[in-house]
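To keep things clear, I will list the structure first and then write my remarks on it.
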Amino acid sequence: MGDEAPAAAVWAYDGRVPGPVIRARQGEPLRLRFENGLPQPSTIHWHGIRIDNAMDGVAGLTQDVVAPGEAFDYVFTPPDAGTYWYHPHNRSWEQVARGLYGLLIVEERKPPRVDQDLVFVADDWRLTEDGQIHEASLGHMRDWSHAGRLGNWLTVNGVSQPRFRVRSGERIRLRLANCANARVLHFVFEDHEPKLIALDGQPLAAPRNLDDGRVVLAPGQRADLVIDMHLDPGAKAGIMEVSNAGPVEVARFIYHASEIARSGPQPPPSPLPANPLPQELDLEGAQRVEVVMEGGAMGRMSGARHRGKQLSMRELVSAGQVWALNGTAGMTEKPLLKIRRGQVAILDLINETAWPHAMHLHGHHFREVERNGQRLKEAPWRDTVLLDIEERAAIAFLADNPGKWMFHCHMLEHQAGGMTTWVEVT
Ligand SMILES: [Cu+2]
């Protein structure tokens with residue numbers, strides 16, 4: 001990757017990719033007007049916000065599409081502080097690929113003290129040789145039935161290899177988000193030891209070191225880090241993406257040549273203030289449902305229901321459907337789970353496919369309570385969970401937000417290709 005790539009023609013919020021960083025305050029109403037200047041209907045989904053259902057932005061489930069030339073007012077009060085993001089929830093596989101996404105930061109009432117609060121919004125673009133969005137492959141079934149639309153050009157904050165200017169001795173907060181359609185990103189920080197303080201917007205009980213020295217983000221996931229810039233003035237250090245054969249530098253810290261913010265080590269970072277999530281989940285009394293994930297290339301699926309009809313694999317493919325949850329491709333009339341408000345739900349996710357998937361629940365955060373048969377205790381709160389090939393995970397959440405909530409793969413081609421369902425909290 002060089003710096004010479006021409007700017008690609010994109011679809012953008014307020015003319016920018018990523019869209020503007022929206023800063024909100026925890027517990028204070030936010031009012032946003034979406035005016036659709038696209039050639040297609042769209043909506044905006046506020047990913048990770050435990051939002052009023054009517055504001056969740058899911059075309060066909062929580063609202064009608066916003067036609068070209070029309071507008072929609074999103075008004076909601078974010079209950080949780082943290083790092084969230086927004087993107088269309090109509091033809092997301094195309095609209096996100098074209099550049100429609102941005103960060104939504106909900107500030108803590110008492111933010112932790114850092115010298116810089118920086119964003120790191122990653123994307124994986126598929127570009128043509130002359131640096132334009134590869135349009136011919138949008139909607140390509142081969143992508144849909146395999147890993148999704150993987151790109152050939154990684155950007156951070158909309159550019160290739162941005163420089164983050166820092167001073168020796170500074171403490172920074174770095175908010176990472178994976179806004180790629182389908183690629184799972186693995187970041188490694190040269191010569192620095194980040195502490196993880198939040199995942200998917202939700203604070204960890206205690207800051208901790210990175211597992212295997214890397215941040216792994218599936219599409220849709222976020223991580224907040226605190227990094228102490230302990231190198232000498234004039235130093236440089238790369239941030240590498242290492243999911244491919246060799247590491248690729250995607251961004252770089254550049255230390256000021258002479259300025260020193262402070263010298264000597266700093267005390268370890270404190271945990272972020274907790275958000276108003278449940279203290280405990282009563283798993284004994286939970287309503288439990290299996291979610292069998294099937295389909296895709298090299299899968300065992302021979303057919304599935306789609307729009308009320310049992311279809312063969314061939315018929316499914318011609319309907320653009322290649323994945324299924326519990327034997328159904330695409331949305332069902334009835335929810336996967338109907339649950340009374342205040343009850344705990346457990347979803348047993350069983351990945352019977354030859355591909356990883358990033359399952360995203362709307363309107364709630366959940367805790368993973370089992371992974372491949374192993375019980376987990378006090379796992380971090382998340383809104384998106386990555387399951388590797390043939391993995392199983394059980395996730396639990398308190399169904400405290402009434403409405404109709406999507407549950408789908410956030411590899412956007414998998415979602416569009418059938419891996420989508422919903423739960424209803426009554
Ligand atoms: Cu998937």
Side-chain angles (χ1 to χ4, degrees), residues 21 23-26 48 78 80-85 103-122 156-157 162-178 185-217 221-233 235-242 249-256 259-275 277 365 378-384:
V21 174
R23 283 191 174 262
R25 282 169 189 267
Q26 185 178 15
D80 301 324
T83 303
Y84 304 94
W85 68 297
L103 220 58
L104 170 58
I105 292 175
V106 183
E107 285 168 356
E108 292 85 15
R109 292 191 181 97
K110 273 193 187 166
R113 282 185 55 180
V114 291
D115 296 290
Q116 296 195 66
D117 184 337
L118 301 169
V119 304
F120 184 104
V121 183
V156 172
N157 300 338
R163 268 73 175 141
F164 292 104
R165 309 223 166 249
V166 297
R167 290 173 305 159
S168 183
E170 272 188 345
R171 170 167 282 184
I172 65 164
R173 177 175 185 170
L174 194 62
R175 301 172 186 264
L176 293 95
N178 181 352
L185 297 167
H186 296 236
F187 296 110
V188 165
F189 292 78
E190 248 177 25
D191 302 330
H192 290 83
E193 285 166 21
K195 298 280 187 211
L196 186 63
I197 57 168
L199 285 170
D200 292 354
Q202 300 297 352
L204 301 187
R208 59 170 165 86
N209 293 327
L210 304 180
D211 296 333
D212 302 324
R214 61 176 66 188
V215 181
V216 178
L217 292 180
Q221 291 183 324
R222 289 88 63 215
D224 284 44
L225 305 178
V226 165
I227 312 176
D228 287 333
M229 310 312 298
H230 65 97
L231 301 183
D232 292 333
K236 297 179 174 75
I239 304 174
M240 326 299 284
E241 203 287 319
V242 297
E249 185 175 300
V250 292
R252 184 180 275 208
F253 290 119
I254 307 276
Y255 280 63
H256 192 280
E259 277 180 34
I260 293 178
R262 64 181 71 74
S263 44
Q266 296 206 61
S270 308
L272 292 168
N275 282 324
L277 285 157
H365 275 70
E378 311 263 303
W381 290 102
R382 302 216 68 145
D383 58 47
T384 306

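What you are looking at is a predicted structure, and each value in this text was computed from that prediction instead of being measured.
Remark: side-chain polar atoms of Glu108 are not paired, donor with acceptor, to backbone N or O of Ala81 under 3.5 angstrom.
Side-chain contact of His256 with Arg167: a donor-acceptor pair under 3.5 Å is absent, judged by distance alone. Looking at Asp232 and Ser168, their side chains never bring a donor and an acceptor atom within 3.5 Å of each other. Using a 3.5 Å distance cut-off with no hydrogens or angles, the side chains of Asp80 and Gln26 do not pair a donor with an acceptor.
Counting heavy atoms from C-beta on, the side chains of Arg171 and Pro269 come closer than 4.5 Å. Side chains of Ile105 and Arg175 form a contact here, defined as non-hydrogen atoms less than 4.5 Å apart.
The ring pair (Phe, Tyr, Trp, His ring centres under 6.0 Å) check on Tyr84 picks up nothing, with sequence neighbours excluded. Every residue meeting the side-chain hydrogen bond (donor to acceptor under 3.5 Å, both in side chains) condition with Arg382, not counting sequence neighbours, appears here in chain and number order: Asp200. Checked against side-chain hydrogen bond (donor to acceptor under 3.5 Å, both in side chains), Glu259 has no partners two or more places apart in sequence or in another chain. Every residue two or more places apart in sequence or in another chain that forms a side chain to side chain contact (heavy atoms under 4.5 Å, CB included) with Gln116 is listed here: Leu118, Val166, Glu170, Ile172. In this structure Trp85 satisfies the ring pair (Phe, Tyr, Trp, His ring centres under 6.0 Å) test together with His47, His87, His410, sequence neighbours excluded. Among residues two or more places apart in sequence or in another chain, the side-chain hydrogen bond (donor to acceptor under 3.5 Å, both in side chains) test is passed with Arg262 by Asp115.
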Legend entry - Verdict with reasoning, Val215 to Leu196, per side-chain contact (heavy atoms from CB on, under 4.5 Å): CA-CA 9 Å; Val215 181; Leu196 186 63; 5.5 Å; no
Inset, instruction - Check step by step if salt bridge (charged side-chain N to carboxylate O under 4.0 Å, His left out) holds for Glu107 and Arg173. - result: CA-CA 13 Å; Glu107 285 168 356; Arg173 177 175 185 170; over 6 Å; no
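Note on ring orientation: taking the six-membered ring where Trp is involved, the planes of Phe120 and Phe189 are tilted (angle from 30° to 60°). Taking the six-membered ring for Trp and thresholds of 30 and 60 degrees, Phe164 and Phe253 have ring planes inclined between 30 and 60 degrees apart.
Contact between Ala274 and Pro203 at its shortest, heavy atoms only, is CA-CG, 4.5 Å.
Once rounded to the nearest 0.5 Å, the distance linking CD of Glu241 with CG of Leu185 reads 5.0 Å. The structure places OH of Tyr255 at 3.5 Å from CG of Leu231, a figure rounded to the nearest 0.5 Å.
Residue Arg222 forms a side-chain hydrogen bond (donor to acceptor under 3.5 Å, both in side chains) with just one option from Thr83, Asp383, Thr384, Asn178, and that option is Asp383.
Ion pairing between a basic and an acidic side chain is recognised when a charged N comes within 4.0 Å of a carboxylate O; Asp228 and Lys195 show no such pairing.
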